[in-house]
A.B. asks: 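I have a structure I would like to understand better, so I am pasting it below and will then ask my questions one at a time.
Note that these values count all heavy atoms, side chains included, but never hydrogens, waters or copies made by symmetry.
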Amino acid sequence: MSLLTDVVLSSLKIQQSPENLLIRPGQQEARLECFHGDNSFPYMLWYRHRSAAGGQPRDMDLIGLLHYENANVEKTFATERFNITGHSKGRAQPTISNMKPADSAEYFCAARSTVCPLLLLYKKLQ
């Protein structure tokens with residue numbers, strides 16, 4: 001039996017806004033917002049997806065996560081420019097200060113019920 005048939009996906013609906021955000025020259029800050037309101041998902045994660053040279057797809061980079069009101073920003077983003085605030089079971093906001101052209105990307109939020117990485121699950125099933 002395929003492992004995929006044993007996976008149950010949640011019907012959690014996440015609202016992210018704004019849908020599009022254009023930063024103008026001189027604008028110092030970008031703020032996004034994510035909301036789901038489901039108490040079963042205490043972790044809110046934020047990702048950045050940039051295109052590689054030549055338009056080739058690239059992996060998403062984890063910016064950080066919010067567990068209730070406790071933010072953990074990944075080391076590569078752990079500067080004063082990236083900040084995550086709010087509550088993981090309500091509204092959460094990542095803020096990017098001192099915007100740079102290199103910040104141009106797609107940003108995504110996600111919610112999880114646990115912080116266990118899928119990589120560990122994959123290795124265990126092999």
A.B. asks: Within this structure, what is the CE-CG distance for the pair Met60 and Leu45, rounded to the nearest 0.5 Å?
C.D. replies: 11.5 Å
A.B. asks: Rounded to the nearest 0.5 Å, what separates atom CD in Glu33 from atom CG in Leu21?
C.D. replies: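 Here the rounded value is 12.5 Å.
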A.B. asks: Among Gln93, Gln16, Glu74, which residue meets the side chain to side chain contact (heavy atoms under 4.5 Å, CB included) test with Trp46?
C.D. replies: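 Exactly one candidate clears the test, Gln16.
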A.B. asks: Taking the side chain as everything from C-beta on, heavy atoms only, tell me whether Asp61 gets closer than 4.5 Å to Ile63.
C.D. replies: no
A.B. asks: When you measure from the side chain of Lys89 to the backbone of Pro42, do you find a donor-acceptor pair of N or O atoms at a distance under 3.5 Å?
C.D. replies: no
A.B. asks: Evaluate Arg31 against Thr85 for side chain to side chain contact (heavy atoms under 4.5 Å, CB included), listing each step before the verdict.
C.D. replies: CA-CA 10 Å; Arg31 179 182 295 260; Thr85 58; 4.0 Å; yes
A.B. asks: Would you say the side-chain atoms of His36 pair up with the backbone N or O of Arg91, donor to acceptor, closer than 3.5 Å?
C.D. replies: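 Judged by distance alone, no pair lies under 3.5 Å.
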A.B. asks: Does the side chain of His87 reach to within under 4.5 Å of the side chain of Asn70, using non-hydrogen atoms?
C.D. replies: no
A.B. asks: How far apart are the closest heavy atoms of Ala92 and Leu66, and which atoms are they?
C.D. replies: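 Taking Ala92 first and Leu66 second, the nearest heavy atoms are CB-CD2, 3.6 Å.
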A.B. asks: How would you list all residue pairs meeting side-chain hydrogen bond (donor to acceptor under 3.5 Å, both in side chains) that involve residues 95-104, not counting sequence neighbours?
C.D. replies: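 Qualifying pairs, neighbours excluded: Arg81-Asp103.
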A.B. asks: Could you check if a side-chain atom of Ile96 sits within less than 4.5 angstrom of a side-chain atom of Tyr107, using non-hydrogen atoms only?
C.D. replies: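 The answer is yes; the side chains approach within 4.5 Å.
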A.B. asks: Does the side chain of Phe77 reach to within under 4.5 Å of the side chain of Arg48, using non-hydrogen atoms?
C.D. replies: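 Yes, close enough: below the 4.5 Å cut-off.
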A.B. asks: Taking side chain as C-beta onward, heavy atoms only, is Met44 less than 4.5 Å from Leu65?
C.D. replies: no
A.B. asks: So, Ser88 side chain and Tyr68 main chain: donor-acceptor pair closer than 3.5 Å or not?
C.D. replies: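 Here the side-chain-to-backbone pair exists.
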A.B. asks: Side chains of Pro18 and Leu32: does their closest heavy-atom pair fall under 4.5 Å?
C.D. replies: yes
A.B. asks: Same hydrophobic cluster for Met99 and Val73, using side-chain heavy-atom links shorter than 4.5 Å among ILVMFWY?
C.D. replies: yes
A.B. asks: First locate atom OG of Ser113, then atom CG of Asn39, and finally report the distance between them rounded to the nearest 0.5 Å.
C.D. replies: 13.0 Å
A.B. asks: Can you get from Phe41 to Phe35 by hopping between Ile, Leu, Val, Met, Phe, Trp and Tyr side chains that sit under 4.5 Å apart?
C.D. replies: no
A.B. asks: Determine whether Cys109 and Ile14 make a side-chain contact, defined as any pair of heavy atoms from C-beta on separated by less than 4.5 Å.
C.D. replies: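 Yes, their side chains come closer than 4.5 Å.
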